[in-house]
Each structure stands twice: as C-alpha cells, then as structure tokens.
Amino acid sequence: MTSSGLFTPPNALNSVPILGLPVHDVDMSAALDQIDRFIRTTKPHHVVTADASMFVMAQADESLHEIIAHADLITPDSAGILWAAKRYGRPLRERVSGVEIVEQLCARSASHGYRIFFLGAAPGVAEQAAEKMRAKYPGAQFAGVHHGFFTEGENETIVDRIRESHADVLCVAFGIPRQEKWISANRDRLGVPVLIGVGGTLDVLSGNVKRAPRIMQRAKLEWLWRVLKNPRKLNKVLLLPRFVHLVRRSV
Ligand code: UDP
C-alpha cells in the first residue's frame with residue numbers, strides 16, 4: 001500500500017529489456033519501498049536479483065526464462081547487467097545486489113518489524129548469518145533458518161516449517177537457477193509475501209566469504225575476486241563472454 005492507501009502494481013516501475021527479459025530501473029531505496037508494499041499484501045511476490053550468468057542460462061532454459069519474465073521485481077545485481085542497459089541506450093540507476101538488499105531488510109526488520117527466514121547454504125551458515133545480522137541490527141527478527149542441503153523427501157517438512165513461521169521475507173540461497181525454480185514451484189504454499197533468491201549472500205553475511213574490496217567492486221572486477229577465492233565460480237564467469245556477445249548482437 002502507498003501512503004494514500006493505493007497499491008502500486010509492480011509494473012508501475014520502469015524496466016529495461018535485456019536479452020528479452022525485463023530489469024527494473026530501481027535504486028536501493030525504490031527496491032526496498034517496493035518490497036515493503038509486497039510485504040503489506042498477502043500474495044506471494046518473487047524478487048529476482050539478476051546477473052549476467054542468469055540471463056545467459058535463461059536463453060537456453062525456457063522454464064527459467066518464464067520464471068524471470070513473471071517475477072514481480074527484478075533488480076540489477078551485476079556490473080554486466082548495468083553495462084548491457086547502457087549499451088542499449090537505457091542506463092539503469094545503480095546496482096541493487098542481493099547481498100545489499102538482504103542486509104537492508106535486516107536493518108528494516110528491526111525498525112519495521114519484518115520477520116525474515118534464511119533458507120540455504122551449508123549447515124550452520126544460515127544460523128551464523130542470522131546471528132551476525134542480529135548483532136549488527138539489534139531487534140532484527142528471524143522467523144527461522146534452514147540449510148540448503150536437504151533431500152526431495154524433506155521438501156514438504158521444510159515448506160510446512162516456513163509456512164508455520166509466519167515470515168514476511170524468505171531469502172532462498174541455493175544458487176542460480178535452483179533457487180528461482182524452487183521459489184516458483186513452492187511460492188503458493190509458503191504463505192510468505194516476499195520470496196527472494198540470493199545466491200551466495202548467506203556465505204557473505206555469515207563472514208565465511210568476504211566480498212571483493214571496494215576498489216575491485218568499483219572497477220567492476222568483483223567477478224575476478226570471486227573466481228580467485230573460489231575456482232568453482234569459473235563456470236559462472238565463463239558465461240560472461242557469451243553475455244557480452246548476445247548483448248552486442250542484439251543492440
Ligand atoms: N547451496 C545450497 N544447496 C545446494 C547447493 C548450493 O544451499 O544444494 C548453496 C551454497 O552453499 C551457496 C549458495 O547455494 O551458499 C550458492 O552460492 P553462489 O555464490 O554459488 O550463488 P550464485 O553465484 O548462483 O548466485
């Protein structure tokens with residue numbers, strides 16, 4: 001709801017099409033305001049934090065493409081997405097990353113009373129991330145935590161647990177595209193108004209993985225830092241040249 005009591009539909013936000021998928025032109029404050037409106041409804045809303053690797057995967061994965069196309073808020077999470085928008089002559093305001101959204105939501109949890117659920121990462125990591133956030137933002141409320149290494153057979157129990165937690169925001173940290181597909185498959189049974197896929201965010205918030213130094217972030221080299229720290233990230237980085245090629249071809 002807005003202050004005048006009228007709901008602002010998500011499509012009231014401007015978006016820029018990149019490789020056939022929309023990315024909303026939001027800064028952090030506009031994204032948080034939109035999430036706040038979602039929280040004040042009872043319907044589930046899917047928030048996607050878009051990066052170049054996700055958009056390349058979506059070209060060959062129809063179901064992922066469909067899920068992103070129907071998401072309620074798609075924020076620009078990477079330097080690659082910002083570069084593409086500029087290249088199309090429709091620059092986006094700023095990078096609005098999953099890590100920063102989650103941290104800001106923890107800050108707002110204390111002031112606005114949001115109840116947050118962390119789902120994903122290795123056993124113990126979601127607990128550590130919640131503890132760090134509680135220490136940094138006293139009063140932040142966690143509805144629950146659960147790791148991301150569960151079997152298909154355990155899915156129902158986890159869905160029930162989340163529904164019973166009455167969370168306002170569910171942060172799903174399984175990596176792309178598993179988290180987007182899990183949200184899409186379970187969204188209507190979770191009873192949570194905001195569902196957001198956040199990749200490696202819990203590893204960062206728990207302190208187990210350090211973000212790139214600011215100088216590298218500003219030089220748009222965060223991807224290089226991630227590969228140096230975790231060579232398994234190479235697969236994801238190898239999608240970048242393909243992204244550049246696809247964008248150049250479509251301008
Ligand atoms: N993960 C998980 N369950 C799995 C596989 C991975 O919870 O079955 C977690 C993993 O521990 C990590 C996150 O998913 O915390 C993926 O992080 P990554 O940085 O690779 O995400 P992306 O680059 O796709 O955003």
Side-chain angles (χ1 to χ4, degrees), residues 21 23 46-61 63-65 67-68 71 73-82 95-103 116-133 144-155 157-159 161-162 170-186 190 195-212 216-217 220-243:
L21 289 166
V23 178
H46 188 172
V47 179
V48 167
T49 58
D51 74 6
S53 76
M54 178 191 278
F55 275 29
V56 173
M57 287 181 214
Q59 302 307 302
D61 182 336
S63 85
L64 179 62
H65 197 280
I67 290 167
I68 301 168
L73 175 63
I74 305 158
T75 73
D77 185 358
S78 76
I81 295 286
L82 293 187
R95 188 171 167 208
V96 180
S97 72
V99 182
E100 275 156 36
I101 292 178
V102 176
E103 177 140 13
I116 299 177
F117 197 115
F118 282 166
L119 173 66
V125 174
E127 283 90 340
Q128 279 177 351
E131 257 166 48
K132 285 260 161 83
M133 290 297 100
V145 292
H146 198 286
H147 64 78
F149 290 81
F150 54 89
T151 63
E152 198 54 46
E154 291 167 316
N155 197 61
T157 313
I158 288 166
V159 167
R161 203 163 133 187
I162 294 168
L170 174 65
C171 303
V172 185
F174 300 157
I176 303 164
R178 189 176 157 217
Q179 61 201 18
E180 283 71 29
K181 294 188 178 188
W182 189 91
I183 288 174
S184 169
N186 296 288
L190 292 162
L195 310 160
I196 171 166
V198 296
T201 291
L202 302 184
D203 297 316
V204 173
L205 296 186
S206 63
N208 290 329
V209 169
K210 295 263 171 289
R211 275 197 87 180
M216 279 184 98
Q217 288 183 39
K220 307 197 184 341
L221 290 174
E222 193 158 22
W223 61 270
L224 178 61
W225 170 265
R226 289 192 179 150
V227 175
L228 292 173
K229 291 276 161 191
N230 178 2
R232 276 183 303 152
K233 284 264 177 197
L234 193 58
N235 281 347
K236 188 172 158 136
V237 166
L238 287 175
L239 295 174
L240 275 173
R242 176 100 188 116
F243 179 74

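This chain uses plain numbering: 1 for the first residue, then up along the sequence. Just so you know, ligand 1 is whichever comes first in the structure, and atom 1 is the first atom listed for that ligand.
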Over all atoms of both residues, closest heavy-atom pair of I176 and E180 | CA-OE1, 3.6 Å
Which atom names give the shortest non-hydrogen contact between A52 and S78, and what distance separates them?
->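 Here A52 and S78 meet closest at N-OG, 3.5 Å.
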Considering only heavy atoms, which protein residues lie less than 4.0 Å from any atom of ligand 1?
->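 Residue list for ligand 1: G120, A121, A122, G148, F149, A173, F174, G175, I176, R178, G199, G200, D203, K233, K236.
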Return each pair, listed once, that meets salt bridge (Lys or Arg N to Asp or Glu O under 4.0 Å) where at least one residue sits in residues 227-237; pairs must be two or more places apart or across chains.
->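 For residues 227-237: D51-K236.
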The side chain to side chain contact (heavy atoms under 4.5 Å, CB included) partners of P123 (sequence neighbours excluded) come to H147, F149
With sequence neighbours left out, the residues meeting salt bridge (charged side-chain N to carboxylate O under 4.0 Å, His left out) with K181 are D61
Matching residue for I101 among D77, L73, V96, V198 - test: side-chain contact (heavy atoms from CB on, under 4.5 Å) =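 Testing I101 for a side-chain contact (heavy atoms from CB on, under 4.5 Å) against D77, L73, V96, V198 leaves exactly one candidate, V96.
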